[in-house]
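Quick notes on the structure that follows.
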Amino acid sequence: MSVYQDIGLERVINASGRVTVLGVSTISDRVAQAAIAGGQSYVVIDDLMVRAGEIISRYTGAEDSCPTSCASAAIAISIAGLISKGKKSIMDRLPDSSGLANEIILQKGHVINFNAPIETMIRLGGGVPVEVGTATEVVPEDIEEAITDKTVAVMYVKSHHCVQKGMVDLPTMIDIAHRNNLPLIIDAAAEEDFRKYIAMGADLVFYSGAKALEATTSGFVTGKKEYIAYARKQYHGIGRAMKVGKESIMGLLAALDQYENKDRKAEVEKNIEIVKYLCEQINRIPNLKAEMIQDEAGRAIYRARVYVDPDKAGMTATELDRRLKDGDPTIRCRTEFMSLGKLDFDPRPLVAGDKELIVEKLKKIMEA
Ligand SMILES: *Cc1c(COP(=O)(O)O)cnc(C)c1O
């Protein structure tokens with residue numbers, strides 16, 4: 001029994017991944033202890049923000065960093081910072097930025113929805129998104145020609161949600177931004193490498209705390225000192241509505257250390273074993289087919305993909321998903337390719353006993 005069942009909610013088998021709708025990830029005892037200790041003392045919050053930023057930067061290699069309540073908040077306060085540049089009179093009127101330089105350029109294939117539109121986070125900070133190119137093809141000229149004296153940043157989105165073909169690559173985007181004296185900012189919320197984009201020359205990078213890091217609900221922005229200082233100031237402006245608690249910050253710092261010292265190769269191996277088990281067992285169920293696939297964004301994440309042929313299975317992938325969800329525990333898998341007859345099972349959030357229950361339930365559904 002979990003505390004959620006104690007208050008009358010159904011048990012969840014999360015085969016979906018680090019997704020907000022199911023609670024993203026779970027924290028280790030070490031991270032939980034850090035959050036408890038952080039929550040049980042007082043601290044000067046402005047000082048904690050600065051010190052936590054210095055500590056986060058050790059793990060990213062950037063000049064400075066700033067903790068946030070989530071990656072979305074990191075986007076909003078960073079953009080508010082780039083528009084206001086530390087000026088109180090501007091901060092005090094945000095997100096109203098009318099008449100100011102406020103445009104954020106991004107490629108059409110990067111205008112994603114992670115269960116909330118990315119452009120909403122840009123607008124929350126006073127930014128005006130300027131989409132360039134088309135959904136399937138963007139060329140460097142599209143970006144160059146969109147730059148005006150109202151542009152404050154060029155934004156790149158690294159995500160499996162993005163269109164993975166026909167977009168302008170990151171080094172080219174960085175080059176265009178820097179030739180025009182503009183910061184290049186990156187949403188890398190779900191990425192697993194906290195140094196890569198800073199090392200490539202990005203000016204600000206946004207990360208989620210609870211995704212790859214398995215931290216308390218949190219996030220951070222890491223990058224150039226000047227821009228981080230602008231972002232941090234927003235806690236006395238629009239950032240107040242996105243307050244990050246001291247306990248979350250302490251959990252985040254513990255998670256960064258835990259992540260750096262973790263044997264990630266062993267973890268990937270363990271997940272591959274689970275995927276292999278799922279594929280083997282599911283391939284024994286008449287009329288279903290399964291195989292191991294790698295994450296669309298190229299991360300070291302492997303999943304079991306189940307192919308549902310309606311002629312053989314007697315139901316569509318959508319119907320199979322509905323039946324998996326139905327019942328207690330409810331089984332939640334990835335449904336991004338459901339309309340193409342594919343359901344994906346992510347091994348990372350599964351706990352002991354889950355993989356057997358998934359196979360059992362699939363068998364039951366197919367036999368019915
Ligand atoms: C998850 C995600 C976000 C939002 O992260 P939160 O920490 O939940 O705000 C933003 N961008 C991308 C690409 C994501 O995957």
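Numbering of ligands and ligand atoms starts at 1, following listing order. Just so it is clear, the values below take in all heavy atoms, side chains as well, and ignore hydrogens, waters and symmetry mates. For reference, positions follow the sequence shown, starting with 1.
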For ligand 1, which atoms have a heavy atom of Ser72 less than 4.0 angstrom away?
-> 4 (C), 6 (P), 9 (O)
Pair Glu291, Tyr307: side-chain N/O donor-acceptor within cut-off below 3.5 Å = yes
Could you give me the CA-CA distance, side-chain angles and deciding distance for Asp328 and Arg11, then say whether salt bridge (charged side-chain N to carboxylate O under 4.0 Å, His left out) is met?
-> CA-CA 6 Å; Asp328 194 357; Arg11 185 178 154 206; over 6 Å; no
Any heavy atom of Lys211 sitting closer than 4.0 Å to ligand 1?
-> yes
Are Gln5 and Ser2 close enough that a side-chain donor and a side-chain acceptor fall under 3.5 Å?
-> yes
Donor-acceptor pair, side chain of Thr68 and main chain of Phe220, under 3.5 angstrom | yes
Using modelled atom types only, decide if a donor and an acceptor are shared between the side chain of Asp175 and the backbone of His178 within a distance under 3.5 Å.
-> no
Based purely on interatomic distance, does Ala190 place a nitrogen or oxygen under 3.5 Å from a nitrogen or oxygen of ligand 1?
-> no
Any chance the side chains of Asp64 and Tyr227 put a donor and an acceptor closer than 3.5 Å?
-> no
Taking N or O atoms only and a 3.5 Å limit, does Asp187 qualify as a polar contact for ligand 1?
-> yes
Checking Arg93, Gln234, Lys233 against Ser84 for side-chain hydrogen bond (donor to acceptor under 3.5 Å, both in side chains), the one that qualifies is Gln234
Atoms in ligand 1 with a heavy atom of Ala189 nearer than 4.0 Å = 2 (C), 3 (C), 10 (C), 11 (N), 12 (C), 14 (C)
Specify the protein heavy atom at minimum distance from atom 5 (O) of ligand 1: its residue, its atom name, and the distance to 0.1 Å.
-> Ala71 CB, 3.4 Å
Modelled atom types, side-chain donor and acceptor of Glu226 and Tyr230, under 3.5 Å = yes
Report yes if Ser218 has an N/O atom closer than 3.5 Å to an N/O atom of ligand 1; otherwise report no.
-> no
Which of the atoms in ligand 1, numbered in the order shown and given with their element, are less than 4.0 Å from a heavy-atom of Ser159?
-> 13 (C)
Looking at ligand 1, does Ile112 have a heavy atom less than 4.0 Å from it?
-> yes
Please report which non-hydrogen protein atom sits nearest to atom 7 (O) of ligand 1, along with the residue it belongs to and the distance in Å to one decimal place.
-> Ser208 OG, 2.4 Å
Could you list which atoms of ligand 1 come closer than 4.0 Å to a heavy atom of Thr20?
-> 8 (O)
